[in-house]
Amino acid sequence: MHGTTQAVDVAPSAGTPLTTSRPRRSLKERVFGETPSAWLFILPAVVLLATIYVVPFGWSLLLSFKADDLVTPSRWVGLGNYRALAKDPQFGAAVRHTLVYAALYVPLTIGLGMTFALMLNRRIRFIGIYRTLIIVPFVVSYAVQGILFSFIFDSQYGLANAALHAVGIGRQGFFNDPGQALYLIALVGVWSGTGFCLIVFLAALQDVPRELMEAAWIDGARRWGVFRHVIVPTLMPIIVFLLLWQTLIALQLFDLVYVTTNGGPLESTTVVVFFVYEKAFRLLSAGYGAAAAYLVGLGLIALAVLSSFVRNRWMRSA
Amino acid sequence: MSASSPVFAPPRTADVSRPRRRRRLPFSGWHLVLAPIAALYALPLAWLVLSSLMTNAQINRFPPTIVPGSLHLDGYRYVFENALFPRWFLNSVLVSLVVVVSNLVLCSLAGYAFARLRFRGSHVVLVLMLMTIAIPFQLVMIPLFLVMKQLGLVDSLIGVMGPWLVLPFGVFMLRQFFLSIPRELEEAAWIDGCSRLRILWEIILPLAKPALATVAVWSFLISWNEFTWPLILTNSQSHYTLQLGIATFQGAHQTQWSAVMAGNVITVLPMLAAFLLAQKTFIRSLASSAVKG
């Protein structure tokens, strides 16, 4: 939050004399001598980022108008890829699966993160341990998560089926069941994704005056009022940020799917990035994959623009 | 954070003086809610460690053994004998090491230039750089593969490191931090004729340790856990990272659960250790990435 405002305030003034303090002005020549060497400071970063993002970003667009198998020279097909995508039921299903995942992942991680943060924001014993245990899954890689939960939800020997068996529920197919797999992946995602939201909410709650919070907890009558007028306004920009961030994460879902179900069973977990990966790198139709990636990317960017707009408006009115 | 200092809840004293008409728990009622939640979150990881120390005979039965009578290292032995685990581990360490060092150096340099040096185009370049944060990696991965092909870096560790060598977030973070350091600290050195590079190294960076720690932690987290990019870029097993290696191993040894879990433990351990040792730094980094990024 500070970042955006500061960036706007400081960056344009970098070229004005305002930022030049007295001794520097007296060394004018030296200052001007410094100017070109500043480019040496940023050059490695600029070259790398241009290679990693800027060039591929344009290339991706170009590629989406072509048929390319990553090996032989490509051929121009215009909007052909996009037209084919619009009619491709597999792509439609992939978009649907991604949206289902996002619709579960985003509200659940944010909701749980906020609830846990409010519960953990107090001084009782072991609170640090509780916090650590809830956050730790966040640093576990998706590959490890995927393998671990394939094991836990293994339809034959898994812990989950054993637990269900103990309470008298029959064996479930879990990742082998087309009706369950996607929801299970969402469950795993929520398990690991809550920690990040929790961290962010806990950090934000540090900004709420503690005496106010404590007074609120003791005096039940004022509890709701404080929540409504103190806590919610503090957390609102955080919630807006997390809505965007978690959506970005949700729409990029790939590793978990790859490791647990590989898109199956019966393509029930083929999400968009998995679709892109499969088209581009397994079936070698890179142009088609790039077109799909571009559509999703444009959606993400639109979302980012929209949310920064919402955030700015919110900040102004606050 | 407040929790690290043990503070006893005030109601305890009130409890003692009060006649036992209203029964109260000897501890805060919140434990009854928080302990089960924390346990639920910890359960999968506990099972991971436990099952890695069991034999397949103990695991592959229904219901599985929950409290094993004995612990074994068979899984660890198997995974080291039947896969390139040491190699993958080394690859991952190398990739993460280079990525962390590269980010520390390059983000410091760029961040300093953007914070302190006046040069033509700085504003435009900075804004462009910030915009790349919003570009999802999946959007560029296909052409990035083609770029790597042009550079002859397909199936190489350098190619695996490539995309993370400079994280735009790191540049931005350090710039913000450097801006908060008072200029006066540098001016004396500047008048004495120190070069900008020396000022950065000797004056600025020692002050920026928390911000540097954030960049280090964030780049380690990203590079160690990355899966998609090495999957796309590498073909030969000897160039796999741990994440890719363990997933491949699992695919090939479906029923060797104890070995698979042992591999999983090895894969996750460095990250868990780093997290538990530097938890405060981790949490601060993650929070600041959210609040500032």
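The sequence lines fix the lettering, A, B, ..., with proteins before strands; numbering per chain opens at 1.
- Note on B/Leu165, B/Val33, B/Thr132: by heavy-atom pairs under 4.5 Å with chain A, the leading option is B/Thr132.
- Interface summary for chain A: among B/Leu146, B/Ile246, B/Val260, B/Leu242, the most heavy-atom pairs under 4.5 angstrom belong to B/Leu146.
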Worked check of side chain to side chain donor-acceptor pair (under 3.5 Å) between B/Thr228 and A/Tyr258: CA-CA 9 Å; B/Thr228 316; A/Tyr258 183 92; over 6 Å; no
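- Heavy-atom distances place the side chain of B/Leu276, and not its backbone, under 4.5 Å from chain A.
- Contact of A/Asn161 with chain B is made through backbone and side chain together, with heavy-atom distances under 4.5 Å.
- Of the atoms belonging to B/Leu244, not a single heavy atom falls under 4.5 Å from chain A.
- A/Val46 has its side chain within reach of B/Val125: a pair of non-hydrogen atoms, C-beta onward, lies under 4.5 Å apart.
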Please lay out, stage by stage, how B/Leu200 and A/Phe41 fare under the test side-chain contact (heavy atoms from CB on, under 4.5 Å). CA-CA 11 Å; B/Leu200 174 63; A/Phe41 279 68; 4.3 Å; yes
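- Contacts between B/Leu167 and chain A at a heavy-atom distance below 4.5 Å are absent for every atom of the residue.
- Checking side-chain atoms of A/Ser60 against main-chain N and O of B/Leu139 turns up a donor-acceptor pair under 3.5 Å.
- Of the atoms belonging to B/Ala274, not a single heavy atom falls under 4.5 Å from chain A.
- Using a 4.5 Å cut-off between heavy atoms, A/Leu63 touches chain B through its side chain atoms alone.
- Proximity to chain A involves both the backbone and the side chain of B/Gln138, based on heavy atoms less than 4.5 angstrom apart.
- A/Ile42 contributes atom CD1, which lies 9.0 Å from atom CG of B/Leu126 (distance to the nearest 0.5 angstrom).
- Of the two parts of A/Leu112, only the side chain, counted from C-beta on, holds a non-hydrogen atom closer than 4.5 Å to a non-hydrogen atom of chain B.
- Judged as a ring-ring contact (aromatic ring centres under 6.0 Å, His included), and not counting sequence neighbours, the contacts of A/Tyr294 are A/Phe57.
- Comparing B/Gly111, B/Gly263, B/Ala42, B/Pro143 by how many heavy-atom pairs each has under 4.5 Å with chain A, the most go to B/Pro143.
- Heavy atoms of A/Ser192 lying under 4.5 Å from chain B are absent altogether.
- Checked against the 6.0 Å centroid threshold, A/Phe138 and B/Phe275 do not count as a close aromatic pair.
- Expressed to the nearest 0.5 Å, how far CD1 of B/Ile37 lies from CE of A/Met119 amounts to 3.5 Å.
- Taking the side chain as every heavy atom from C-beta outward, B/Met261 and A/Ile147 approach each other to under 4.5 Å.
- Rounding to the nearest 0.5 Å gives a distance of 5.0 Å between CD of B/Gln250 and OG of A/Ser150.
- A pairwise comparison of heavy atoms in A/Ile124 and B/Leu34 identifies CD1-CD1, 4.3 Å as the closest pair.
- Only the side chain of A/Leu48 comes within contact range of chain B, judged by heavy atoms closer than 4.5 Å.
- If you measure heavy-atom distances from A/Arg282 to chain B, you find no contacts under 4.5 Å at all.
- Looking at B/Leu221, the atoms closer than 4.5 Å to chain A (heavy atoms on both sides) all sit in the side chain, from C-beta outward.
- Residue contact with chain A, scored on non-hydrogen atoms closer than 4.5 Å, involves the side chain of B/Ile232 exclusively.
- Only the side chain of B/Gln279 has a heavy atom closer than 4.5 Å to any heavy atom of chain A.
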Determine whether B/Leu231 and A/Tyr277 satisfy the following criterion, side-chain contact (heavy atoms from CB on, under 4.5 Å), listing intermediate values before the conclusion. CA-CA 10 Å; B/Leu231 170 74; A/Tyr277 167 79; 3.7 Å; yes
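- Among B/Pro168, B/Ser108, B/Pro44, B/Cys107, the residue with the largest count of heavy-atom pairs under 4.5 Å with chain A is B/Pro44.
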For B/His31 and A/Tyr130, run side-chain contact (heavy atoms from CB on, under 4.5 Å): C-alpha distance rounded to whole Å, both residues' side-chain angles, the deciding distance at 0.1 Å, then the answer. CA-CA 9 Å; B/His31 289 296; A/Tyr130 297 148; 2.8 Å; yes
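- In this structure, no portion of A/Val296 lies under 4.5 Å from any heavy atom of chain B.
- Considering all non-hydrogen atoms of both residues, A/Ile134 and B/Ala38 come closest at CG1-CA, 4.2 Å.
- Using a 4.5 Å cut-off between heavy atoms, B/Met141 touches chain A through backbone and side chain atoms alike.
- When A/Leu159, A/Leu298, A/Leu43, A/Val272 are compared by the number of non-hydrogen pairs under 4.5 Å with chain B, A/Leu159 comes out ahead.
- Taking the six-membered ring for Trp, A/Phe281 and B/Phe145 have ring centres closer than 6.0 Å.
- Expressed to the nearest 0.5 Å, how far CG of A/Leu148 lies from CG of B/Leu45 amounts to 6.5 Å.
- Taking A/His165 as the reference, nothing meets the side-chain hydrogen bond (donor to acceptor under 3.5 Å, both in side chains) condition, with sequence neighbours excluded.
- Heavy-atom pairs under 4.5 Å with chain A peak, among B/Asn264, B/Val166, B/Leu106, B/Val140, at B/Asn264.
- Nearest heavy atom pair, residue B/Phe227 against residue A/Asp255, reads CB-OD2, 3.4 Å.
- Heavy atoms only, all atoms of each residue included: B/Gln243 and A/Val144 are closest at OE1-CG2, 4.1 Å.
- Within the 4.5 angstrom heavy-atom criterion, no atom of A/Gln145 approaches chain B.
- In this structure, CD1 on A/Ile152 lies 10.0 Å from CH2 on B/Trp257, to the nearest 0.5 angstrom.
- Nearest approach of B/Ala110 to A/Ala45, heavy atoms of both residues: CB-CB, 4.0 Å.
- Annotation for A/Gly289 and B/Ile142: closest pair C-CD1, 3.6 Å, computed over non-hydrogen atoms.
- Taken to the nearest 0.5 Å, the OH atom of A/Tyr157 stands 15.0 Å off from the OG atom of B/Ser51.
- Side-chain atoms of B/Asn225 do not come within 3.5 Å of backbone N or O of A/Tyr142 as any donor-acceptor pair.
- Both the backbone and the side chain of A/Phe151 have a heavy atom closer than 4.5 Å to some heavy atom of chain B.
- For B/Val147, the parts lying under 4.5 angstrom from a heavy atom of chain A are both the backbone and the side chain.
- Only the side chain of A/Phe116 comes within contact range of chain B, with at least one heavy atom under 4.5 Å from a heavy atom of that chain.
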